[in-house]
Amino acid sequence: MAVEDEIRAKARELLASGEAEVVVGFVEGTLPLTARPALVKDAADADRLVWNRCCTPGLARYVLEYIRDRRKRRDFDAAKARKVAVVAKPCDARALVTYIQENQFGPGDVYIIGVNCAPMVDRNKVLAAVGAYRVEGADVDGDEVVVATTDGGEERLPLGDYVDASCAACTRLEPPLADVVLGEKAAPAAEDPYARVREHEARGSDERWAWVVEEVGRCIRCYACRQVCPACYCEECFAEQRNPAWIGPATAEEDLIAFHLVRVFHTAGRCVECGECERACPMDIPLRVLSEKLVKDVKEKFGYVAGVNPEEAPPLATYKPDDSNEGFL
Amino acid sequence: MAAGKVKRSDLPRFLEAAKAAGYDVFAPARAPEGWSFAPYEGGAVDLDGYLLTTLSAKALALPQLEAFLAYDGNDGRLVGADESKRLVFGVRPCDARALALVDKVYLSRGFRDPHYLSRRDNTVLIVSACHQPAPTCFCTSVGGGPADAAGADVMAYKSGDELLLDATSSKGEEFLKAAKLEKASDAALKKTKAACAKVADTMAPLWELEALRPILYKNFDAPAWEELAARCVSCGACTFVCPSCHCFDVADEGKHGRGSRLRFWDACTQSRFTLHASGHNPRARKGQRYRQRVLHKFYYFHENWGENLCVGCGRCVVACPVNVDIREAVTAVAAGK
């Protein structure tokens, strides 16, 4: 059975039996090469769920939001609450693990339909290659992206060249926590996951600062990066606190820089490398250079990878006498 | 006045001449995020390569951030309006139409925002008619079109290796007169306008606009609002890329006795937009916020100003990280879903 059919069958079963009250998954999008998040509550709607190479958006935050919202309802009865099921890519499952580690909910609150991942397509790369106005529709067929053009033609592009940058560097293709795991295991990417970080580290400090000013200076402060980030779930973000006002409210350069640097530091040891921040940014700011730098540092200095083991204490929540003191003044 | 023409290869010279005449010239240029209106630095303008800039031309009239009052100790002063002369070349009809709509808010009924007014008065908009729509374009569904001249000072049409420039306002006429262009033939102008009309024919309207409005409002409580917005992540990407979203917030920023009063874009899709000091939020749910955005475009603005606010550029459709699609929302709610 195809993974998509397995997901539908599982969702139908969970909803029909009442084990889960909602399944967070993907449905067909309105644009070519797009699948989008959906909350399915009726078993009859399970067939709307899709699984393909365009399921890029993260779903973990929808799970957290759902659980938080239902707790706020007056008629909420914890004893009667049923599970929140979710179709989880490995990065989604890692985010769910961090939520469990950070006591946002317990493993029993969720039903994780884990899917062994196949790298997702970067639709913008495809649109740029073919010309956005020429794309009538597009689909993935085996190892190729097949684009139907407005003049009635067809273009076939090798999938490998159009893989999402974050997926191309991903080495964790299996969900670390799941109630059921679907799909075949894929071979991890050969690409150096930290290539861009190494490039950034090789720059001198002036050059690094110039890079930050140039790239982050483009920010329009729409908060798309924050809103899609599984680690950015504070009910009130420091960026919007007015008393004290840690940073200014708008797009002055120093505020943009402060926002992005502080935001990324808050994800240290918690970032699950889904790449959603960069994907969501309408201004194409290469935000993963900053987040991956911290992922790399946490791994090298504390030997820790976020969202792998729900029993493990995150480095910022624990202390070991031999912790790296590098950076302490 | 008869239309003028410029050889496309002479476009740089035309723009340089405007610079020499004292205009700050802006034109579409490649940018890390796609395309943007950038200060013109010479060289060819790729009129065939670009469909829409990532951010609209809105910021040239209503910057994302501006100070209108500054103080130092007890000395306060109003910040003067920007009076620089500007020529913005290559704006799309949807963006120009959006500015004409935003004008209603900032420049009418006895109120004239001095900063906005100065920028609008001092800017000449040369609007580049569309000979090729993007798949997300839907201007013909909201009263616009590929050759819509609303808000334009000059319309520019592609015609073989020439650009035909047709003044559509007195400001545009003055500008073209000073530019001393060769005259374009009426036949050529007619032909290129007909080509744009053909482009419009390929963009079948998604709905019957006049009939739509009352239905949308009648379906204020349609379940589709919550359902479609369930995936919304409450960021402000759609509103910030939108050419006609014009809400702003105001804050005083300062320390050690010095500072300024700032005005900056705000977004009704973000959860804090209507958050009261008491902690109550009349639009606490995403569906309520999304409904506000759509109904402001398709109903409230029309109630206030007699026109639709959405111009159908499709930027919000493209920018949304989770594919919330305003075309789909309007269609679904109108269908009573």
Side-chain angles (χ1 to χ4, degrees), chain A residues 24 27-32 34-39 54 56-59 61-62 65-66 69 72 124 127-128 131-137 150 214-215 218 220-229 235-237 240 242 245 248-252 255 276-277 279-286, chain B residues 31-34 36 49 51-52 54-55 59 63-66 132-137 202 227 230-241 248-251 253-255 262-267 269-272 275 284-286 314-325 327-328:
Chain A
V24 184
V27 296
E28 198 70 47
T30 63
L31 300 173
T34 309
R36 53 187 183 162
L39 276 65
C54 309
T56 36
L59 299 185
R61 253 188 94 151
Y62 292 96
E65 196 178 309
Y66 189 93
D69 282 354
K72 285 179 195 160
N124 289 329
L127 294 187
Y133 58 89
R134 289 186 59 230
V135 177
E136 181 83 44
T150 44
E214 153 105 23
E215 299 287 358
R218 220 163 44 238
I220 54 172
R221 211 151 160 190
C222 68
Y223 294 134
C225 53
R226 183 190 75 184
Q227 295 305 102
V228 297
C229 174
E235 298 238 16
E236 187 180 16
C237 176
E240 285 164 326
R242 302 319 299 149
T251 45
D255 296 330
E276 272 289 88
C277 49
R279 226 175 271 130
C281 178
M283 299 303 286
D284 282 351
I285 301 171
Chain B
E33 71 274 18
S36 71
L51 294 171
L52 273 177
T54 303
L55 295 180
Q64 183 162 13
L65 170 66
E66 66 184 321
Q132 172 74 66
T136 41
C137 288
T202 65
E227 273 164 32
R231 65 177 56 91
C232 172
V233 297
S234 302
C235 73
C238 52
T239 58
F240 287 177
V241 300
F248 59 83
D249 195 359
V250 170
E253 279 294 295
K255 51 189 156 194
L262 306 172
R263 165 163 81 184
F264 47 94
W265 295 352
D266 205 351
T269 46
Q270 294 178 346
S271 64
R272 296 169 56 92
L275 181 63
R285 294 198 317 275
K286 296 192 285 193
R315 281 189 182 88
C316 56
V317 180
V318 175
C320 180
V322 288
N323 189 211
V324 175
D325 189 328
R327 301 169 299 176
E328 179 191 27

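We name chains A, B, ... by the order of the sequence lines, and we start the count at 1 in each one. This one's a predicted model, so the numbers in the text were calculated from it and none came from an experiment.
Most heavy-atom pairs under 4.5 Å with chain B, from the set D69(A), N124(A), L31(A), I285(A): that is L31(A).
Heavy-atom distances place the side chain of T136(B), and not its backbone, under 4.5 Å from chain A. Using a 4.5 Å cut-off between heavy atoms, R327(B) contacts chain A through its side chain alone, with no backbone atom that close. Contact of S234(B) with chain A is made through backbone and side chain together, with heavy-atom distances under 4.5 Å. E236(A) touches chain B through its side chain: at least one heavy atom from C-beta onward sits under 4.5 Å away, while N, CA, C and O do not. For V24(A), no part lies under 4.5 angstrom from a heavy atom of chain B. When heavy atoms are compared at a cutoff of 4.5 Å, T34(A) approaches chain B solely by way of its side chain, counted from C-beta outward. Within the 4.5 angstrom heavy-atom criterion, no atom of A267(B) approaches chain A.
A donor-acceptor pair under 3.5 Å links the side-chain atoms of Q270(B) to the main chain of C222(A), judged by distance alone. With hydrogens and angles ignored, the 3.5 Å screen pairs no side-chain donor or acceptor of R231(B) with any backbone N or O of R36(A).
For the pair R272(B) and E235(A), the salt-bridge criterion is not met [side-chain N within less than 4.0 Å of a carboxylate O].
Residues A250(A) and L65(B) approach most closely at CB-CD1, 3.6 Å, considering heavy atoms.
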